[in-house]
Number of protein chains: 2
Amino acid sequence: MNKTNVGCVVNELRYLVMLEIRHLKTLVALRETGSVVEAAERMFLTQSALSHQLKELEARLDCELFIRKSRPLRFSSAGKRLLLLADDVLAKVDEAERDVKKLMHGETGRLFMAIECHSCFNWLMPTIDIYRNQWPAIELDFSGGFTFEPLPALAQGEVDLVITSDPLPLKGVEYVPLFSYEMHIGIANNHPLAAKTFLQPQDLADQTLITYPVERSRLDVFKQFLNPAGVTPLAVRTSELTLMMVQLVASGRGLCALPNWVLAEYADQQLISVRSAGEKGIWPVLYAAVREESLTASYVQDFLILAKAHCLKNLQGVKQVA
Amino acid sequence: MNKTNVGCVVNELRYLVMLEIRHLKTLVALRETGSVVEAAERMFLTQSALSHQLKELEARLDCELFIRKSRPLRFSSAGKRLLLLADDVLAKVDEAERDVKKLMHGETGRLFMAIECHSCFNWLMPTIDIYRNQWPAIELDFSGGFTFEPLPALAQGEVDLVITSDPLPLKGVEYVPLFSYEMHIGIANNHPLAAKTFLQPQDLADQTLITYPVERSRLDVFKQFLNPAGVTPLAVRTSELTLMMVQLVASGRGLCALPNWVLAEYADQQLISVRSAGEKGIWPVLYAAVREESLTASYVQDFLILAKAHCLKNLQGVKQVA
DNA sequence: TGCTTTACATGAATCAAACTGATAATTTTC
DNA sequence: GAAAATTATCAGTTTGATTCATGTAAAGCA
């Protein structure tokens, strides 16, 4: 660039591409997780890699993008500006990629869904709404209900996708992990057990447990917590509605075991208290079950990607599965 | 992904980033040049590299982006869709990068320009208009005129940037090549010399040459064409206005030597004919001269990048300098 | 039609940059 | 203040983008 002498010709004036899509994704992950470690995890990279990447980017731009020494990390004004860009650009790139897929295999198809995990209603509906905009030509349907057996229906071809936390081996059915979450126990604020930091199986021996009206063999509290310890609750009472379960718990009629992301919002409002089941807690994994063939269709792949991303982003305390 | 057996768990569902900024730039270069070879040149890559890149991208997207066997190449519908994305995204990325620069060094400054190449008015004005939007806080000014000596004024600090095709060594002045272009000779359609495919110096010995009113030592026709052959035209007549020069040429009053990009538009309208000077033609290089210190300022760098890009894109028949 | 020119494709080798793993330095939390 | 967690850094490895050399196909021209 300079030999500090008379009239030299400066040649390398190519436009240095500083920003890459990769960087924008990193920034978004950073914002959504609040730490480099977690952002790295979400991007399937090591913390080291991301640290290098950020250092390199900051060097290229010659500016600091965020303040590390604060939890959660805070973005500088430059960082905020780039996040604005990221939100815009990443959405558009995604859309373009989808459009290309559609142009190629002019895809239209069917995506009938069912849930085995009844709380999943909470996130599934908003996800479907987003999805409908992305793939307007796909025929969508949803089967709920407690009597309905989704997995056999999936194998038979009656439905195309089932949300379940119980991946039982079935010919031609594959399970795509979405995320893992903690199964929390909801308890009245003034309940004596609320004094404990976490609950043991025995604690439930003289309590009423409130569940969805399904067999015990399909409930994680039994499978992973009570049964192994040989404990049965004093009574089991059922409810089809989550909100009603919470009301019952709040008024001291019993305890309930539900995903953290369901209980969190009620706990935040101080309606009830939540405790872990055991010291480490119970961490089921939620899967999307689809038939083998479906996995090749981009409109199915896209739904899976969307669901996973949507949950990781919006559901409190859910973790990516390794 | 598949072991074609019972109920396997499919794990790798990370969103494969297919598109990168790099790819978008390639597509745009492809559109603007109309061939892989030239696009590669413009991106400072080999033809091979670009060929690989495109193959890889098409594989990732699983679709053809453009039809190679046609000149200029034609884009497929998928290609067109991605070009749409590219235009949107690249502009926004540029803007964001500029904003970051401004946030950092809150840059405001001065950019007084002058031209030694008088035809440059044509592209300089539109370029300045674009630039003004990008850097509204920069004070812009422009000195024209045939009596004014820009290069000394640059060294003295009266102006900050000079467009010239004659990079004479001056302390503290650096020359940034913008592009190279062919110096064409304009000639009346019915002129006897119009029969030749290109002109020799001797052809001008009995002709009138119409030039801008500057010394012959600053005119490329003399420096690079007539003087080396020891030829002088029958007469030299001057005009300050390009359009008037062309009118004179069209009516058979003489010949003129002007950059291809100036004459091309008149030739396209069949107003005049153009011929090369010599078999290979004369190919001057146009430079932007700036003072050494200016090169570190991003608002100057940005002007240079913009000018170069704008000319390569919009001026007919200009070439990037190696 | 055959010959030359030009543009693009391909394979192997190279090289740079991104990533990892281990560890050190730092900060936060209790 | 100690322990835990987060981030930075170093050196080694891997990946994948780029080049070089060459092959193939199309376009232009006699």
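Just so it is clear: chains get the letters A, B, ... in the order the sequence lines come, proteins before strands, and each one is counted from 1.
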Open item on the list: Using ring centroids (six-membered ring only for Trp), state whether A/Y181 and A/W283 fall under 6.0 Å.
Closed with: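 No, the ring of A/W283 stays outside the 6.0 Å limit from the ring of A/Y181, centre to centre.
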
In this structure, how many angstroms lie between the [atom2] atom of [N] and the [atom1] atom of [X], rounded?
{"X": "B/L54", "N": "C/dA9", "atom1": "CG", "atom2": "C1'", "answer": "12 Å"}
{"X": "A/R74", "N": "D/dT7", "atom1": "CZ", "atom2": "C1'", "answer": "17 Å"}
{"X": "A/I21", "N": "C/dA18", "atom1": "CD1", "atom2": "C1'", "answer": "17 Å"}
{"X": "A/E56", "N": "C/dT20", "atom1": "CD", "atom2": "P", "answer": "16 Å"}
{"X": "A/L45", "N": "D/dT14", "atom1": "CG", "atom2": "P", "answer": "17 Å"}
{"X": "B/L73", "N": "C/dT6", "atom1": "CG", "atom2": "P", "answer": "18 Å"}
{"X": "A/L65", "N": "D/dT7", "atom1": "CG", "atom2": "P", "answer": "15 Å"}
{"X": "B/I67", "N": "D/dA26", "atom1": "CD1", "atom2": "P", "answer": "15 Å"}

Go through the N and O atoms of the side chain of [X] and the base of [N], and report whether any donor-acceptor pair is under 3.5 Å.
{"X": "B/Q47", "N": "C/dA9", "answer": "yes"}
{"X": "B/S51", "N": "C/dT10", "answer": "no"}
{"X": "B/S48", "N": "D/dC20", "answer": "yes"}
{"X": "A/H52", "N": "D/dT7", "answer": "no"}

TODO: Answer with base, sugar-phosphate or nothing: what part of the nucleic acid does B/S35 contact at a heavy-atom distance below 4.0 Å?
DONE: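 The answer is sugar-phosphate, as B/S35 gets under 4.0 Å only of primed atoms, P, OP1 or OP2.
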
Task: Phosphate contact (C/dT10 OP1 or OP2) by B/K55 side-chain N/O below 4.0 Å - done: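 Yes, because at least one side-chain N or O of B/K55 sits under 4.0 Å from OP1 or OP2 of C/dT10.
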
TODO: Taking only the side-chain nitrogens and oxygens of A/Q53, find out if one of them lies under 4.0 Å from OP1 or OP2 of C/dA18.
DONE: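 It does not, given that no N or O in the side chain of A/Q53 lies less than 4.0 Å from OP1 or OP2 of C/dA18.
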
Open item on the list: Between B/N260 and B/Q316 (side chain of the first, backbone of the second, donor and acceptor by atom type, cut-off under 3.5 Å), is there such a pair?
Closed with: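 Yes; at least one donor-acceptor contact below 3.5 Å.
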
Task: Backbone N/O of B/S35 and side chain of B/T33: donor-acceptor pair under 3.5 Å - done: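 Flag set: sc B/T33 to bb B/S35 pair under 3.5 Å.
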
Task: B/L263 side, atom CG; B/M183 side, atom CE - distance, nearest 0.5 Å - done: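 The distance works out to 9.0 Å.
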
Which nucleotide wins on minimum distance to the side chain of [X], given the candidates [options]?
{"X": "A/R60", "options": "C/dA7, C/dA18, C/dC19", "value": "C/dA18"}
{"X": "B/V37", "options": "C/dA9, D/dT6, C/dA7", "value": "C/dA7"}
{"X": "A/R68", "options": "C/dC8, C/dC19, D/dT7", "value": "D/dT7"}
{"X": "A/T46", "options": "C/dC8, D/dT18, C/dT20", "value": "C/dT20"}

Does the distance from a Lys or Arg side-chain N to an Asp or Glu carboxylate O, for [X] and [Y], drop under 4.0 Å?
{"X": "A/E56", "Y": "A/R60", "result": "yes"}
{"X": "B/R31", "Y": "B/D87", "result": "yes"}
{"X": "B/D203", "Y": "B/R275", "result": "no"}

Task: Cation-pi geometry met for A/R42 and A/F44 (6.0 Å, 45°) - done: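 Geometry flag: not set, cation outside 6.0 Å or 45°.
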
Open item on the list: Let me check the geometry of the helix from C/dT1-D/dA30 to C/dC30-D/dG1. What is the bend angle between the axes at its two ends, five pairs each, to 10°?
Closed with: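 One end axis against the other gives 40°.
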
